[in-house]
Number of protein chains: 2
Amino acid sequence: MEHQRPKIVDVARLAGVSTATVSRVLSNPQIVSPETRELVEDAIRQTGYRLNHAARNLRHRRTGGVVALVPNLSNPFFSQILAGMAAVLAPAGYNLLVADTRTAGGDTVLGYAEPSRTDGLIVLDGALPADVLGRRPVVLACEWIPGLVAPRVNIDNRAAATMAVEHLADLGHRRIGHVAGPPGNVLTQARLAGAEQALKARGLPPPLVLQGDFSLESGRRAGAEWLALPADERPDAMFLASDAMACGFIGEVQHRGLTVPRDVSVMGFDDIELVAHMTPALSTIRQPREAIGRHAAQCLLSMIGGEASAEDIVLPVELVVRASTAAWPSR
Amino acid sequence: MEHQRPKIVDVARLAGVSTATVSRVLSNPQIVSPETRELVEDAIRQTGYRLNHAARNLRHRRTGGVVALVPNLSNPFFSQILAGMAAVLAPAGYNLLVADTRTAGGDTVLGYAEPSRTDGLIVLDGALPADVLGRRPVVLACEWIPGLVAPRVNIDNRAAATMAVEHLADLGHRRIGHVAGPPGNVLTQARLAGAEQALKARGLPPPLVLQGDFSLESGRRAGAEWLALPADERPDAMFLASDAMACGFIGEVQHRGLTVPRDVSVMGFDDIELVAHMTPALSTIRQPREAIGRHAAQCLLSMIGGEASAEDIVLPVELVVRASTAAWPSR
DNA sequence: CGGAGTTATGTAATCGATTTCAAGAGGGGT
DNA sequence: ACCCCTCTTGAAATCGATTACATAACTCCG
């Protein structure tokens, strides 16, 4: 049966050695004498042998895979983070699995937490219950889970929000509003706190806060709410907790005939690629998404490698000033 | 050692049955007598037993995973397709691995093609050499590989492009340009062909074709090239082969003081979520990305399940008319 | 020249499940 | 009472690699 995949014994037989030796050539070549190694390598070539990972993993008691638990795979914010993780994991011989925590249902998430399916987890969803993740390598990226002790890779959300609001204040705005993320979310809270703190420090009134959920559509709704306010009560600058919401907000406002930044300055958060090309180009806070992914992956690998527990990593953000924010009064 | 994960023999011992019986309870409960089953289930609960997938997979000669080979993970166009795939695969008990074919390097892609790592492949990158994928379950989604016989899940790119150009022609435009994708790409060719065909059928001159690569930045460059043309040579409508390029194009044109659609009508392709909220909202061709992902996954599962070879699936697109296209002459 | 030390290789146990085959128990028909 | 059949269950082989331990050959040194 030539359609049968050759196994290690086939190689061993052809090379006239034991399976042990073949295995050694595969995973630890330098302990085999050069002549034998040559012999085995020839046999491998001739048979077209390919290692069976399931067997190796079983013996090694590992899986060779790590999973990223993402709250919403279709959100472009995450795709670049995944790219960063993939860039680190592939060379290290690890598979990157992805799971959408909303789609999958709690059960499936629990499934991924099983040691026999993955060697570790990168959690990007702060809303997961802390106890579904057993006692195993976990790294929290971007979001975090309040009860859970695990290394975190993220940015200083509070300081970043402060930076954003200070930019608006520096432009002379005094009535500054905020469109927050979903209630209960850790990022929502940190960014709101940062915004409030900045206003307070400047002696400005607390922000008008509208509720969103990071999505485009919720930003659009916030735009509608803003428009519905009497003109003299509208904040003249808005800081939104995500770029997606900022896009929705600006879209709604401009489709109704007003202009950004003439009628309202808008500040986003994330710096997703597209917003640099909008009209107006969005001022925002840049998160180093690729780097977040890379560091999270690296951190997880070191934990899998046995390091007791890695350090938290806080990556720097950058204020990106573009055309959606302007000095007040701007008309 | 109570910290050792319990294995099937531990459960068997506690329940007073053989490992075979435990295994049967796990994977085929109805062939075990109710009393014994109860016994075993109790033992499982007491020991906290969890199945080892590596062992099961070894025995079953499968991996329980499929990989999506994506040309560029950080491109939001793909994330929603991944979401669709995940939605189908997770309930079926399959892991979704993702690999970035650009990041990984040909070697790694070959690695994923190994049967011992994945049970099947969903290829979203038409630029892969046909021979790296052995003789195993493969589905091509969106893009395809000319030499490779495998079921395809995609749209009729040529007809879609025709539809886009006809929309522009219907608006009265006569000089219609096209910004194409990267040369050699199958989508580039199909969409260009569709555009040319539509113009020809209407008796309009062939399009001015600018080269892009689907990326935002290449769209911005195309915008700059368009601007650099003498005003009386500029096409008065542009059809771009991706929404990302359309965004870049519009951004560049508007940042230089012109207005869309007054100075030029712009038509995109894909309907990524954001473009509905831009100013102006982008007219485009909607690809059912989630459905593409779902069908591709389903198709792959049926091939893994033994079906000889599934049918190609062509999903319908939709012309979405928004504000970036207007009747000519529009000023 | 004998024994310790090193190097290269083979034998067989092992990772943790699934599954084939055989056998025992019980039921029903004659 | 006997034979055949179905229903459960267990013993042991199996999936395909890795590795602990044993062994053989060879080197080195007093």
Side-chain angles (χ1 to χ4, degrees), chain A residues 1 3-44 47-65 93 111 114-119, chain B residues 1 3-44 47-65 93 111 114-119:
Chain A
M1 342 189 152
H3 69 286
Q4 204 71 340
R5 273 172 74 82
K7 341 193 292 184
I8 205 169
V9 296
D10 301 318
V11 176
R13 200 153 25 223
L14 183 62
V17 299
S18 75
T19 63
T21 301
V22 177
S23 173
R24 286 191 270 256
V25 170
L26 256 31
S27 43
N28 216 357
Q30 70 276 18
I31 69 166
V32 174
S33 80
E35 308 84 59
T36 316
R37 196 190 313 160
E38 192 85 2
L39 227 54
V40 172
E41 280 164 354
D42 276 353
I44 291 179
T47 53
Y49 169 76
R50 310 254 62 199
L51 178 67
N52 181 320
H53 288 85
R56 168 181 278 185
N57 288 341
L58 174 58
R59 184 66 228 237
H60 280 166
R61 301 148 141 277
R62 59 158 230 158
T63 71
E114 273 182 46
S116 80
R117 277 168 82 112
T118 53
D119 297 327
Chain B
M1 338 192 152
H3 69 284
Q4 204 72 342
R5 271 172 75 82
K7 343 195 289 186
I8 205 169
V9 296
D10 301 318
V11 176
R13 203 159 15 232
L14 182 62
V17 299
S18 75
T19 62
T21 300
V22 177
S23 174
R24 287 191 269 256
V25 170
L26 256 30
S27 42
N28 216 357
Q30 69 275 20
I31 69 164
V32 173
S33 79
E35 308 84 59
T36 318
R37 196 190 313 159
E38 191 86 1
L39 227 56
V40 172
E41 279 165 353
D42 276 354
I44 290 179
T47 53
Y49 169 77
R50 310 255 61 200
L51 177 67
N52 181 321
H53 288 85
R56 166 180 280 186
N57 288 341
L58 174 56
R59 183 66 228 235
H60 281 164
R61 300 147 142 280
R62 58 158 233 160
T63 71
E114 274 182 46
S116 79
R117 276 167 82 112
T118 53
D119 297 327

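Note on naming: letters A, B, ... go to the chains in the order of the sequence lines (proteins, then strands), and numbering restarts at 1 for each one.
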Practice problem: With heavy atoms under 4.0 Å as the rule, sort B/R62 into base, sugar-phosphate or nothing. | Solution: nothing

Quiz item: Contact boundaries of DNA chain C with chain A (under 4.0 Å, heavy atoms), 5' to 3'?
Solution: C/dA8 to C/dG16

Anything under 3.5 Å between a donor and an acceptor, one on a side chain of residues 8-22 of chain B, the other on a protein residue two or more places apart or in another chain? List them.
from, atom 1, to, atom 2, distance (Å)
B/D10, OD1, B/R13, NH2, 3.3
B/D10, OD2, B/K7, N, 2.7
B/S18, OG, B/A20, N, 3.3
B/S18, OG, B/T21, N, 3.3
B/S18, OG, B/T21, OG1, 3.4

Exercise. Answer with base, sugar-phosphate or nothing: what part of the nucleic acid does B/V17 contact at a heavy-atom distance below 4.0 Å?
Key: sugar-phosphate

Quiz prompt | Flag if over 12 foreign heavy atoms under 6.0 Å of CZ, B/R37 | solution = yes

Quiz item: Taking side chain as C-beta onward, heavy atoms only, is B/R5 less than 4.5 Å from A/P115?
Solution: yes

Exercise. Under the salt bridge (charged side-chain N to carboxylate O under 4.0 Å, His left out) rule, collect the residues that match up with B/R62, sequence neighbours excluded.
Key: none

Quiz item: Base, sugar-phosphate alone, or nothing: which one does A/R37 contact when heavy atoms must sit under 4.0 Å apart?
Solution: nothing

Which pairs, protein N/O on one side and nucleotides 18-20 of chain D N/O on the other, fall under 3.5 Å?
from, atom 1, to, atom 2, distance (Å)
D/dT18, OP1, A/R56, NE, 2.7
D/dT18, OP1, A/R56, NH2, 2.9
D/dT18, OP2, A/S23, OG, 2.5
D/dT18, O5', A/S23, OG, 3.4
D/dT18, O3', A/H60, NE2, 3.3
D/dT18, O2, A/R59, NH1, 2.4
D/dT19, OP1, A/H60, NE2, 3.3

Quiz item: In degrees rounded to 10°, what angle is found between the helical axes fit to the five outermost pairs at each end of the helix from C/dC1-D/dG30 to C/dT30-D/dA1?
Solution: 50°

Sequence neighbours left out, cut at 3.5 Å: what donor-acceptor pairs do the side chains of residues 53-60 of chain B make with other protein atoms?
from, atom 1, to, atom 2, distance (Å)
B/H53, ND1, A/S116, OG, 2.8
B/N57, ND2, B/H53, O, 3.2
B/N57, ND2, B/T63, O, 3.1

Quiz item: Hey, does B/L26 have a side-chain heavy atom less than 4.5 Å from the side chain of B/Y49?
Solution: yes

